[in-house]
Amino acid sequence: MSMIPEHYDFKAGFNLLPEEQDLAVLFSGEGKPFPGHKIGPSVHDYYLIHTVLDGKGHFQSSTVTQQCRKGDTFVIFPGSLFSYQADEHTPWHYAWVALQGTGVSGLLADIGITKERPLLQTENTSELHSLYERIRLCFKQSAYPRLESLEASGWTRLLLHHFGQDNLALLPARPKELPEIIDRQIDQAIRWISLQFHQQISIDHMAATLGYHRAHLSKAFKQKTGLSPKQYLLKMRMDKAKSLLSGTLTIDQVASSVGFNDALYFSRQFRKFSGMSPSEYRSMLRQG
């Protein structure tokens with residue numbers, strides 16, 4: 001028996017390699033069912049998201065019963081009993097995407113979609129339609145299914161972002177305490193230094209970018225790390241230099257790799273930090 005009824009305008013793409021652990025797209029498509037066409041009652045073992053692009057239909061789950069129109073999105077959760085049916089007079093045209101993964105439930109909750117509230121209203125269906133189509137067209141059944149899967153998950157995250165933007169009014173307000181904001185900004189400063197220590201970092205520029213006066217940043221930074229940003233940057237550079245000195249790079253190359261244009265200045269800073277020159281430190285490592 002065919003899975004696709006007669007007079008059902010149907011097109012879909014299927015992922016041959018849904019390997020992502022947090023969010024994997026299984027398949028995506030769109031259809032224009034004939035009047036009264038019904039699916040369910042049944043259950044799935046994956047998440048299935050539908051957005052109504054035109055027409056009407058009826059959706060029912062264990063927590064909600066609602067007639068859906070253009071712009072409505074409904075989400076079927078794994079293990080939840082559901083059914084949905086096209087209107088007898090103006091049957092819906094909808095697009096869908098099926099997901100699985102450990103992170104899907106959390107992502108949906110972050111944009112206000114839960115088993116208890118599996119519906120949301122969207123405004124720009126043409127934009128959403130385009131995203132659904134991009135997801136479906138990822139699956140070209142090419143020789144590179146891994147790339148297809150990565151592209152599909154990227155477009156799906158954009159789709160979820162659009163849902164979240166449309167659902168902002170229903171998201172619970174999350175008051176942000178000032179200490180929490182400061183703590184997060186210091187984490188950003190630490191990450192900035194940890195990733196960019198090999199560049200010419202300006203503490204003033206970093207402070208301004210994070211919305212701090214340099215003195216305030218330094219004070220908050222030291223409270224969290226025990227070091228000023230400048231001291232933390234120097235420590236990151238010296239620790240990395242020690243690691244590089246165990247290899248075959250020249251002293252000049254090590255200096256350049258940790259953000260020093262002048263190898264002599266690097267050597268002076270290294271001696272102040274470690275109590276020995278880079279060459280002496282390298283000799284010690286080789287003797288040990």
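As the structure is a prediction and not an experimental result, all values here were calculated from the model.
In the hydrophobic clustering of this structure, L137 does not group with V97; members are Ile, Leu, Val, Met, Phe, Trp, Tyr whose side-chain heavy atoms approach within less than 4.5 Å, directly or through other members. Y265 and F270 fall within the same hydrophobic cluster, defined by Ile, Leu, Val, Met, Phe, Trp and Tyr side-chain heavy atoms under 4.5 Å apart, directly or through other members. Taking hydrophobic clusters as Ile, Leu, Val, Met, Phe, Trp and Tyr residues chained together by side-chain heavy-atom distances below 4.5 Å, L53 does not share a cluster with W96. Note on L264: it does not cluster hydrophobically with L249, by side-chain heavy-atom contacts below 4.5 Å among ILVMFWY residues. Clustering ILVMFWY residues whenever any of their side-chain heavy atoms sit less than 4.5 angstrom apart, transitively, puts M284 in the very cluster that holds F273.
Looking at heavy atoms from C-beta onward, L160 lies in side-chain contact with I49 at the 4.5 angstrom threshold. Side-chain contact between S83 and K38 is present, with at least one heavy-atom pair separated by less than 4.5 Å. By the 4.5 Å heavy-atom criterion applied to side chains, S105 and L107 are not counted as neighbours. With a 4.5 Å cut-off on side-chain heavy atoms, P118 and T63 count as touching. Annotation: side chain of H161 is in contact with side chain of Q165 (closest heavy-atom distance under 4.5 Å). For the pair V258/L244, a side-chain contact is recorded, criterion being any heavy-atom separation below 4.5 Å from C-beta on. Side chains of R282 and I251 form a contact here, defined as non-hydrogen atoms less than 4.5 Å apart. Considering only heavy atoms from C-beta on, I76 comes within 4.5 Å of F59 through its side chain.
With S149 contributing its side chain and P145 its backbone, the two residues share no donor-acceptor pair below 3.5 Å. Panel note: side chain R237, backbone F197; a donor-acceptor pair is recorded below 3.5 Å. Remark: the backbone N or O of S243 is paired with a side-chain donor or acceptor of S246 at under 3.5 angstrom. The main-chain N or O of Q196 is never found under 3.5 Å from a side-chain atom of Q199 such that the two would form a donor-acceptor pair. The main-chain N or O of Q60 is never found under 3.5 Å from a side-chain atom of T65 such that the two would form a donor-acceptor pair. Judged by distance alone, with hydrogens and angles left aside, the side-chain atoms of D166 form no donor-acceptor pair with the main-chain N or O of F163 at under 3.5 Å.
T51 and Y132 get closest at one heavy-atom pair: OG1-OH, 2.7 Å. What you find for G79 and V43 is that their closest heavy atoms are O-CG1, 3.9 Å. Heavy atoms only, all atoms of each residue included: P229 and M206 are closest at CB-CE, 4.3 Å. In plain terms, the two heavy atoms of L159 and L131 that are nearest each other are CA-CD1, 3.8 Å. Scanning both residues, S80 and K115, for their nearest heavy atoms gives OG-CE, 3.7 Å. When all heavy atoms of F221 and L227 are compared, the closest pair comes out as CD2-O, 3.1 Å.
For K224, the NZ atom counts as densely surrounded, since its 6.0 Å shell holds more than 12 non-hydrogen atoms of other residues, nucleotides or ligands. For K242, the NZ atom is densely surrounded, since the number of other residues' heavy atoms within 6.0 Å is greater than 12. Atom CZ of R117 has 12 or fewer heavy atoms from other residues, nucleotides or ligands within 6.0 Å. Shown here is H198, whose NE2 atom has more than 12 heavy atoms of other residues, nucleotides or ligands within 6.0 Å. Counting non-hydrogen atoms of neighbouring residues, nucleotides and ligands closer than 6.0 angstrom, the CD atom of Q66 exceeds 12 such neighbours. No more than 12 heavy atoms of other residues, nucleotides or ligands sit less than 6.0 Å from atom NZ of K219.
To the nearest 0.5 Å, the span separating CG on L119 from OG on S61 amounts to 7.0 Å. Once rounded to the nearest 0.5 Å, the distance linking CZ of F77 with CD of E116 reads 8.0 Å. For the atom pair T90 OG1 and K56 NZ, the distance stands at 4.0 Å (nearest 0.5 Å). Going from atom CD of E123 over to atom CG of L128 covers 10.0 Å, rounded to the nearest 0.5 Å. For the atom pair I203 CD1 and W192 CH2, the distance stands at 9.5 Å (nearest 0.5 Å). Between atom NZ of residue K70 and atom NE2 of residue H93 there is a gap of 11.0 Å, rounded to the nearest 0.5 Å.
The existence of a salt bridge linking E151 and R134 is excluded, since no basic side-chain nitrogen approaches an acidic carboxylate oxygen closer than 4.0 Å. The existence of a salt bridge linking D187 and R191 is excluded, since no basic side-chain nitrogen approaches an acidic carboxylate oxygen closer than 4.0 Å.
Taking the six-membered ring for Trp and the full ring otherwise, Y84 and H58 have centroids separated by 6.0 Å or more. Between F34 and H37, the gap from one ring centroid to the other is short of 6.0 Å. Taking the centre of each ring, F27 and F139 stay at or above the 6.0 Å mark.
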Residues D22, R157; criterion salt bridge (charged side-chain N to carboxylate O under 4.0 Å, His left out); working and verdict: CA-CA 11 Å; D22 62 335; R157 289 175 186 275; 2.7 Å; yes

Verdict with supporting geometry, Y232 and S194, side-chain contact (heavy atoms from CB on, under 4.5 Å): CA-CA 9 Å; Y232 190 89; S194 299; 4.0 Å; yes

Ring pair (Phe, Tyr, Trp, His ring centres under 6.0 Å) between F82 and H44, worked out: CA-CA 9 Å; F82 71 88; H44 288 326; 4.8 Å; yes

Residue pair S274, M238: steps toward the side-chain contact (heavy atoms from CB on, under 4.5 Å) verdict: CA-CA 8 Å; S274 64; M238 294 299 106; over 6 Å; no

Worked check of side-chain contact (heavy atoms from CB on, under 4.5 Å) between L120 and I113: CA-CA 8 Å; L120 67 96; I113 299 175; 3.1 Å; yes

Trace of the ring pair (Phe, Tyr, Trp, His ring centres under 6.0 Å) decision for W92 with F74: CA-CA 13 Å; W92 49 17; F74 59 90; 5.7 Å; yes

Residues S228, Q231; criterion side-chain contact (heavy atoms from CB on, under 4.5 Å); working and verdict: CA-CA 5 Å; S228 70; Q231 291 169 332; 3.2 Å; yes

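Checking N124 against S126 by side-chain atom types alone, a donor-acceptor pair falls below 3.5 Å.
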